[in-house]
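Read through the structure below, which is laid out as structure tokens, and then see the notes.
Owing to the predicted nature of the structure, the values given are computational and were not obtained by experimental measurement.
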Amino acid sequence: MTILELLDPANDDQFAAFHDVYVAGHDDEWDRPYTAREQRAELLQDVPHLRIAGVLARDDSGTPVGMGYVELPQKDNLDLGYIDVVVRPEHRRQGHGTAVLARIAEIARVAGRHTLYVEVRWDLDQKGSGRTAFAEAMGFRRDLVDAHRVLTLPADLPEAPPRDGYTLHAWRGPCPEEWIDQYAHLLSLIVQEAPSGDYPLENEFFDRARIRTDEQLLRLQGRVMQVVAAVSPDGVLAGHTQLQFSETDALNAYQWDTLVLADHRGHGLGLSLKVRAMEEAADLLATRRHVHTYNAASNGPMIAVNEKLGFRQVGWLGEYVRTR
């Protein structure tokens with residue numbers, strides 16, 4: 001028997017049980033779940049562009065055994081719900097994951113969403129895992145495969161100064177006002193500019209208010225974002241990269257978005273941006289042991305950049321979708 005509760009992230013005891021299950025279920029060697037501070041801040045945010053609903057599952061003895069959540073964008077992809085479903089390893093194959101997924105799907109359906117999207121991880125030497133088998137049994141299909149790569153620190157960085165009249169500008173914390181509107185445009189284009197699957201994802205909504213909201217969330221989560229942007233000879237933001245660090249994860253750093261606009265490719269900017277970001281963040285990298293990055297397995301140019309930096313592949317991440 002599975003007993004389901006809607007999550008109140010402000011409830012200390014309930015959130016602790018929710019996060020404990022979440023961490024226990026992310027049990028692969030290279031899987032790195034959000035810390036409690038990071039996850040709780042995200043769940044508590046009250047923003048116009050996103051709504052999140054969580055579910056906690058207990059067995060008939062009251063033991064927390066599973067959890068799930070659905071993210072419902074409010075400004076884009078209005079037919080889509082981004083989900084995660086996790087069950088403690090020792091409580092799997094007892095119907096708890098199916099029950100959590102059904103409740104999450106119902107929340108999404110009531111919100112007018114007909115498509116669910118989930119990311120599922122498996123090891124490098126496998127074709128799938130128990131997680132992929134569960135997703136496929138629940139009617140999800142694999143839409144895109146990403147490669148998970150890790151850079152072991154300290155690393156010897158190649159020389160990659162900007163060339164052809166491009167310049168690089170770095171910041172931590174708030175995006176400079178002079179760049180914020182162009183930066184919002186760059187952030188919104190990652191979906192259409194990066195390789196994608198068959199499901200027609202829309203560009204994600206960004207404007208200056210969204211950027212400032214996201215910056216506030218990073219502060220609440222105890223995260224620091226190192227950003228480097230490329231500026232073309234005529235003064236246009238041509239690309240950017242993001243390195244993210246957590247105050248509550250002392251060993252890992254995360255390469256988030258990297259994008260160079262199509263009209264500005266062929267100048268080595270991808271490598272220049274990533275090298276400069278690591279140079280600018282040398283103080284934060286000094287205590288870390290790994291940098292993690294994910295790229296579509298078909299994204300040859302970005303994978304080549306990562307391999308020049310010394311990244312090695314450690315796993316796969318499948319993007320799965322289910323449409324009623």
Side-chain angles (χ1 to χ4, degrees), residues 28-32 71 73 76-77 79-80 82-84 115-129 131-136 139-152 158 160 185-204 206 228 230 238-244 253-275 277-278 290-323:
D28 291 348
E29 178 186 4
W30 288 107
D31 206 355
R32 296 294 183 268
E71 298 182 353
D76 57 73
N77 291 288
D79 194 50
L80 192 64
Y82 296 91
I83 73 166
D84 194 13
T115 300
L116 300 179
Y117 169 105
V118 66
E119 294 180 342
V120 184
R121 195 184 178 284
W122 66 96
D123 288 338
L124 183 61
D125 59 351
Q126 297 178 318
K127 294 184 179 179
S129 66
R131 294 177 177 86
T132 62
F134 175 76
E136 290 163 4
F140 288 80
R141 63 172 178 83
R142 192 180 296 180
D143 192 50
L144 185 69
V145 175
D146 300 318
H148 178 191
R149 284 180 167 80
V150 169
L151 176 66
T152 299
H185 179 64
L186 276 181
L187 291 172
S188 72
L189 295 178
I190 191 69
V191 168
Q192 77 176 42
E193 294 294 332
S196 59
D198 293 331
Y199 182 79
L201 283 170
E202 299 172 5
N203 284 341
E204 192 172 351
F206 278 93
V228 176
H240 77 286
T241 194
Q242 303 168 317
L243 262 182
Q244 182 263 313
Y254 300 88
Q255 177 75 66
W256 281 12
D257 288 1
T258 299
L259 172 66
V260 176
L261 296 179
D263 290 346
H264 300 276
R265 292 171 189 163
H267 301 279
L269 289 175
L271 184 61
S272 293
L273 285 164
K274 290 195 173 190
V275 169
M278 293 187 69
H290 298 105
V291 182
H292 299 255
T293 191
Y294 296 85
N295 301 102
S298 59
N299 191 348
M302 192 55 64
I303 288 171
V305 167
N306 289 331
E307 290 180 343
K308 285 181 182 178
L309 289 166
F311 281 85
R312 60 188 175 89
Q313 189 175 351
V314 297
W316 303 100
L317 191 74
E319 301 179 21
Y320 282 75
V321 295
R322 185 181 82 180
T323 300

With heavy-atom distances below 4.5 Å as the criterion, would you say the side chains of W122 and R131 are in contact? no
Determine yes or no for a side-chain-to-main-chain donor-acceptor pair under 3.5 angstrom, with R32 supplying the side chain and E29 the backbone. yes
Does a donor on one side chain and an acceptor on the other come within less than 3.5 Å for E136 and Y320? yes
Mind checking salt bridge (charged side-chain N to carboxylate O under 4.0 Å, His left out) for R149 and listing every partner two or more places apart, or none if nothing turns up? E307
List the residues meeting side chain to side chain donor-acceptor pair (under 3.5 Å) with N203, not counting sequence neighbours, and say none if there are none. Q192
Criterion side-chain contact (heavy atoms from CB on, under 4.5 Å) against L259, the qualifying member of Q242, M302, E193: E193
Quick one: closest heavy-atom pair of L269 and A230, and the distance? CD2-CB, 4.1 Å
Is NZ or CZ of R142 both nearer than 6.0 Å to the six-membered ring centre of W316 and within 45° of the ring axis? no
What are the two closest heavy atoms between Y117 and V321, and how far apart are they? CD1-CG1, 3.9 Å
Is a side-chain donor or acceptor of Q244 paired with a backbone partner of Y254 at a separation under 3.5 angstrom? no
Distance (rounded to the nearest 0.5 Å) between L189 CG and F206 CZ: 10.5 Å
Is the closest side-chain heavy-atom distance between H148 and L317 below 4.5 Å? no
Donor-acceptor under 3.5 Å (S272 side chain, A160 main chain): yes
Taking only residues two or more places apart in sequence or in another chain, which ones pass ring pair (Phe, Tyr, Trp, His ring centres under 6.0 Å) with F134? none
Where do L273 and V260 land on the side-chain contact (heavy atoms from CB on, under 4.5 Å) test, with the steps shown first? CA-CA 9 Å; L273 285 164; V260 176; 4.0 Å; yes
How long is the gap from CG on D257 to CG on L186, to the nearest 0.5 Å? 10.0 Å
Tell me the closest heavy-atom pair linking L151 and L309, and the distance in Å. CD1-O, 3.3 Å
Quick one: do R265 and D263 make a salt bridge, cutoff under 4.0 Å? no
Heavy-atom side-chain contact between W30 and H290 under 4.5 Å: yes
Please answer whether the main-chain N or O of R121 pairs with a side-chain N or O of S129 as donor and acceptor at a distance below 3.5 Å. yes
Show the numbers, then the answer: is there a side-chain contact (heavy atoms from CB on, under 4.5 Å) between V291 and F311? CA-CA 8 Å; V291 182; F311 281 85; 3.9 Å; yes
In the structure I gave you, are the side-chain heavy atoms of R322 and V118 within less than 4.5 Å of one another anywhere? no
When you compare the side chain of T115 with that of L80, does any pair of heavy atoms fall below 4.5 Å? yes
Nearest 0.5 Å, please: how far is CD in E119 from OH in Y82? 9.5 Å
Would you give the length of the straight line joining atom OH of Y199 to atom CG of N77, rounded to the nearest 0.5 angstrom? 6.5 Å
Side-chain contact, heavy-atom cut-off 4.5 Å: L271 with P158? yes
Looking at CG of L124 and CD of Q313, how far apart are the two atoms once the value is rounded to the nearest 0.5 Å? 5.0 Å
Across all chains, not counting sequence neighbours, the side chain to side chain donor-acceptor pair (under 3.5 Å) partners of Q255 are T241, T258
Separation between CH2 (W256) and NE2 (H240), nearest 0.5 Å, reads 11.0 Å
So which atom in L144 and which in D146 form the shortest heavy-atom distance, rounded to 0.1 Å? CD2-OD1, 3.8 Å
Taking only residues two or more places apart in sequence or in another chain, which ones pass side chain to side chain donor-acceptor pair (under 3.5 Å) with N306? K274, N295
Can you list the residues that meet the side chain to side chain donor-acceptor pair (under 3.5 Å) rule with R141, with sequence neighbours excluded? D143
